[in-house]
Novice: 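First the structure, then my questions, so here it is.
Lettering of chains follows the sequences in order, A, B, ..., and the numbering in each one begins at 1. Because the structure is predicted, anything quoted here is derived from the model rather than measured.
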There are 2 protein chains.
Amino acid sequence: MREFLKQNIKKHISLSDNETDQFCNLFHQKLIKKKSFLLQQGEICKFEGFVTKGLFRVYYNDKNGFDQILYFAAENWWITDIDSFTNASPSQLFIQALEDSVVLLISKDDKEFAYKNLPQIEKLFRVMTQKTHVALQRRMINNLSKPAEERYMEFIEKYPQLTQRLSNIQIAAYLGITNVFLSNIRKKIAHK
Amino acid sequence: MREFLKQNIKKHISLSDNETDQFCNLFHQKLIKKKSFLLQQGEICKFEGFVTKGLFRVYYNDKNGFDQILYFAAENWWITDIDSFTNASPSQLFIQALEDSVVLLISKDDKEFAYKNLPQIEKLFRVMTQKTHVALQRRMINNLSKPAEERYMEFIEKYPQLTQRLSNIQIAAYLGITNVFLSNIRKKIAHK
DNA sequence: CAAATACATTAAACTATTTTAATAAATGAT
DNA sequence: ATCATTTATTAAAATAGTTTAATGTATTTG
């Protein structure tokens, strides 16, 4: 369903229907089964994606085997490893479906084509990257200045629907704590 | 000295001399004395800046009075609170000179003017924002997956010149630890 | 140059978070 | 339906990092 993609684009910039169509036609749909990977550590990320159904986690697996989740992407979210994609360097990240999912993917060549031929697309990605960056900056401040309990409370408040769809293991990996410690936090909160 | 700015731009995109000049002429120079502020919490950030001399810290002061440094900006680095600047919202951040400094500033209106009249500027900021975002993403992974000692070692390795110019208090605030704990780490390292 | 302020180090007590391990409940696969 | 795997919880011991406070040294500032 490219409709969701079109709506999403128009949330960021104003774009003629014609240009919108041209751009959206560069995307190809792909189905990803639960637990399979859209990207694995060491691969070069060759796509930028838009989730139309399902849920992904984008994470880093450190040398102790510990997963650190950078972000989740459910319906209407974009996913890529922007580092690997833009620099054509081996990715440090995994992108895995946590549910049976559907994404619309655009290749690097087609994106370059869009930059050249659809002038507004440059603005679209400038604006989107800015927003993503602001979000990450806010999260960075949060992570560094607030204790885990507060971060957990804010997470379930901010993403109630996502909380339902995620295991506590995943939420802990996003918050940067162990699932054991998250369990303690939950117990403490429940007693209030 | 707009020369540094021009060189910096050409590191990101290719731009005609004419366009480069037009864009660079939109910047105004400002001198900032050591310890004074380019931006304070609560203000709306009305500029995007390029440091030609000196050193700044961009930081968040949390409710416990603890400083959390988002990044440093020395010569040839850009500074702004992109959140406050793009959304015209009150900033959560302080930007303070740690040395007597000089910056080139562009206002929001002039930047909008550039977006409209100098088509390549849209690309410039898309590319720069992408790079900034990649850097922050890498730092996020680092922060969450490595202990403070390792992060400190990597910091002094990656920014040896900056290390010389910064107090350990500032470095600790960047690493997200107390200066007391940094002192312990340094002692431990010295004994090796 | 003297006084005041900022900086770096150390120690001791404290708190947040991890690690390991065991158990029970929920979910998934054959 | 059954067996295996994943998930959530709990407890106990260990570790990373904070807090407070004291001390000496370096750096500013009047």
Side-chain angles (χ1 to χ4, degrees), chain A residues 33-36 54-55 57 59 61-69 72 96-101 142-156 162-192, chain B residues 33-36 54-55 57 59 61-69 72 96-101 142-156 162-192:
Chain A
K33 277 260 172 62
K34 181 171 178 172
K35 289 189 185 171
S36 29
L55 175 59
R57 60 172 180 153
Y59 68 101
N61 184 275
D62 73 23
K63 51 178 182 266
N64 309 319
F66 197 82
D67 288 345
Q68 180 55 56
I69 294 181
F72 299 108
Q96 186 186 34
L98 295 173
E99 303 172 356
D100 290 345
S101 302
N142 246 304
N143 262 310
L144 292 164
S145 66
K146 290 178 186 164
E149 181 175 337
E150 213 169 321
R151 271 147 50 211
Y152 175 63
M153 294 293 279
E154 287 177 8
F155 182 87
I156 59 179
L162 220 48
T163 304
Q164 299 310 314
R165 293 162 79 177
L166 291 167
S167 72
N168 289 335
I169 292 176
Q170 306 303 338
I171 295 174
Y174 178 86
L175 296 174
I177 58 178
T178 61
N179 56 335
V180 175
F181 188 51
L182 177 55
S183 211
N184 289 337
I185 289 174
R186 287 162 51 78
K187 187 182 174 185
K188 202 175 148 196
I189 289 170
H191 281 307
K192 287 182 181 171
Chain B
K33 278 258 170 64
K34 180 171 178 173
K35 289 190 187 170
S36 29
L55 175 58
R57 61 171 179 152
Y59 69 100
N61 183 275
D62 72 22
K63 51 178 181 264
N64 309 318
F66 198 81
D67 288 346
Q68 180 55 58
I69 294 180
F72 299 108
Q96 186 187 34
L98 295 173
E99 303 172 358
D100 290 345
S101 303
N142 247 303
N143 262 308
L144 291 163
S145 65
K146 290 177 185 164
E149 181 174 337
E150 212 169 322
R151 270 146 51 210
Y152 175 64
M153 296 292 279
E154 288 176 9
F155 181 87
I156 59 179
L162 221 46
T163 304
Q164 300 310 314
R165 293 162 80 177
L166 290 167
S167 71
N168 289 334
I169 292 177
Q170 305 305 338
I171 296 175
Y174 178 85
L175 296 174
I177 59 178
T178 61
N179 56 334
V180 175
F181 188 51
L182 177 55
S183 211
N184 289 337
I185 289 174
R186 285 161 53 78
K187 186 182 175 185
K188 202 175 148 197
I189 289 171
H191 281 306
K192 283 182 183 169

Novice: Is A:Asn64 near enough to C:dT19 that one of its side-chain N or O atoms lies under 4.0 angstrom from OP1 or OP2?
Specialist: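 Answer is no, no contact under 4.0 Å.
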Novice: Hey, does B:Ser167 reach any base, or is it just sugar-phosphate, or nothing, if we go heavy atoms under 4.0 Å?
Specialist: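 Sugar-phosphate: the residue B:Ser167, judged by heavy atoms under 4.0 Å, touches backbone atoms but no base.
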Novice: Keeping the roles fixed (side chain from A:Gln68, backbone from A:Tyr59), state whether a donor-acceptor pair exists under 3.5 Å.
Specialist: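 The answer is no, because no donor-acceptor pair under 3.5 Å joins these two groups.
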Novice: Report the distance from atom CD1 of B:Ile169 to atom P of C:dT5, rounded to the nearest whole Å.
Specialist: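 Rounded to the whole Å, the gap is 16 Å.
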Novice: Are any of A:Asn184's side-chain N or O atoms less than 4.0 Å away from OP1 or OP2 of C:dA16?
Specialist: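 So the side chain of A:Asn184 is outside the cut-off, no N or O lying under 4.0 Å from OP1 or OP2 of C:dA16.
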Novice: Could you please name the option among C:dA8, C:dA16, C:dA11 that lies closest to any side-chain atom of B:Val180?
Specialist: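 Out of C:dA8, C:dA16, C:dA11, the nucleotide with an atom closest to B:Val180's side chain is C:dA11.
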Novice: For A:Leu55 and A:Leu98, run side chain to side chain contact (heavy atoms under 4.5 Å, CB included): C-alpha distance rounded to whole Å, both residues' side-chain angles, the deciding distance at 0.1 Å, then the answer.
Specialist: CA-CA 6 Å; A:Leu55 175 59; A:Leu98 295 173; 4.3 Å; yes
Novice: Find the distance B:Asn179:CG to D:dT20:C1' and express it as a whole number of Å.
Specialist: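 Nearest whole value for this atom pair: 12 Å.
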Novice: I want to check one thing: is the phosphate of D:dT18, taken as OP1 and OP2, less than 4.0 Å away from some side-chain N or O of B:Thr178?
Specialist: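 Checking D:dT18 against B:Thr178, a side-chain N or O does come within under 4.0 Å of OP1 or OP2.
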Novice: Figure out the CG/C1' separation between A:Leu98 and D:dT7, and round it to whole Å.
Specialist: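 Going from CG in A:Leu98 over to C1' in D:dT7 covers 14 Å.
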Novice: How about A:Arg57 and A:Tyr174: does a side-chain donor come under 3.5 Å of a side-chain acceptor?
Specialist: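 Judged by distance alone, the side chains do not pair up.
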Novice: Side chain of A:Phe181, heavy atoms from C-beta onward: which of D:dT28, C:dT18, C:dA8 has the nearest atom to it?
Specialist: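 For the A:Phe181 side chain, the nearest candidate turns out to be C:dT18.
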Novice: Quickly work out the A:Ile171 CD1 to D:dT7 C1' distance and round it to whole Å.
Specialist: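 Value for this atom pair: 12 Å.
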Novice: Rounded to the Å, how far apart are A:Ile177 CD1 and D:dA16 P?
Specialist: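 Distance check: A:Ile177 CD1 to D:dA16 P gives 18 Å.
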Novice: Rounded off to whole Å, could you give me the NZ-to-P distance for the A:Lys146 and C:dA16 pair?
Specialist: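 In whole Å, C:dA16 P and A:Lys146 NZ are 17 Å from each other.
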Novice: Does C:dA8 have its OP1 or OP2 closer than 4.0 Å to a side-chain nitrogen or oxygen of B:Lys187?
Specialist: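 Checking C:dA8 against B:Lys187, no side-chain N or O comes under 4.0 Å of OP1 or OP2.
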Novice: Is there a side-chain contact between B:Arg186 and the phosphate of C:dT9, meaning an N or O under 4.0 Å from OP1 or OP2?
Specialist: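 Checking C:dT9 against B:Arg186, a side-chain N or O does come within under 4.0 Å of OP1 or OP2.
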Novice: What integer distance in Å separates B:Leu175:CG from D:dG17:P?
Specialist: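 One finds 11 Å between P of D:dG17 and CG of B:Leu175, rounded.
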Novice: Take the protein atom CD1 of A:Ile185 and the nucleotide atom P of C:dT18, then report the distance between them rounded to whole Å.
Specialist: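 It works out to 9 Å between those atoms.
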Novice: Out of A:Lys34, A:Lys35, A:Arg165, which one pairs with A:Glu99 under the salt bridge (Lys or Arg N to Asp or Glu O under 4.0 Å) rule?
Specialist: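 That would be A:Arg165; it is the only one of A:Lys34, A:Lys35, A:Arg165 passing the salt bridge (Lys or Arg N to Asp or Glu O under 4.0 Å) with A:Glu99.
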Novice: Decide side chain to side chain contact (heavy atoms under 4.5 Å, CB included) for A:Glu149 and A:Ile189; before the verdict, give the C-alpha distance in whole Å, the side-chain angles of both, and the deciding distance to 0.1 Å.
Specialist: CA-CA 9 Å; A:Glu149 181 175 337; A:Ile189 289 170; 4.1 Å; yes
